[in-house]
Amino acid sequence: GGVFDKSTEMIQYTNGGGNVGKLPTETPKWQTFAKPLSGGRTAVLLLNSQANPAQDFSVPFAHLPGLTACGGEAQKACTVRSVWEHKDVSVGQSTSFSASVDAFDAGLYVIA
């Protein structure tokens, strides 16, 4: 029920049966999002939504969509740029990068 079930504007957001889809009641403790960028680069957003200490993330380059500027067939080492810290993260010849994200915080990176 509720106001959203009666809204004609909500029709486009229904789950196909005419009912508004339900939002999840629990937030995941951590999440990783990736988005291909121009030039074979990929943006990666790491979210830590737990109140506990920092969450350690490991992001394999092979799992990133659209990443063709480095790694794999490109035979070139990847560079990782922390967008919010305005600095490069050293990964050397690694096939992944690691980052620690504080409680209730996020990190945004560009891999090229």
Can you name the nearest heavy-atom pair linking [X] to [Y], along with the distance?
| X | Y | result |
| --- | --- | --- |
| Ser96 | Pro60 | CB-CA, 3.6 Å |
| Arg41 | Ser38 | NE-O, 2.9 Å |
| Tyr109 | Ala99 | OH-CB, 3.5 Å |
| Pro36 | Pro65 | CG-O, 3.5 Å |

>> One pair to check against side-chain contact (heavy atoms from CB on, under 4.5 Å): Lys29 and Gln55. What are the steps and the verdict?
In response: CA-CA 9 Å; Lys29 292 181 179 171; Gln55 172 68 41; 6.0 Å; no
> Between NZ of Lys87 and CZ of Arg81, what distance do you get to the nearest 0.5 Å?
Replying inline: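 Here the rounded value is 10.0 Å.
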Sub-4.5 Å side-chain heavy-atom contact between [X] and [Y]:
| X | Y | answer |
| --- | --- | --- |
| Val101 | Leu47 | no |
| Asn48 | Asp105 | no |
| Cys70 | Ile111 | yes |
| Leu46 | Val59 | yes |

Tell me whether [X] shares a hydrophobic cluster with [Y], the cluster being built from Ile, Leu, Val, Met, Phe, Trp, Tyr side chains joined at under 4.5 Å.
| X | Y | result |
| --- | --- | --- |
| Leu64 | Leu45 | no |
| Phe33 | Trp84 | yes |
| Val110 | Val89 | no |

> Parallel under 30°, tilted from 30 to 60°, perpendicular over 60°: which one fits the rings of Phe57 and Trp30?
Replying inline: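 Rings of Phe57 and Trp30: perpendicular, as their planes differ by over 60°.
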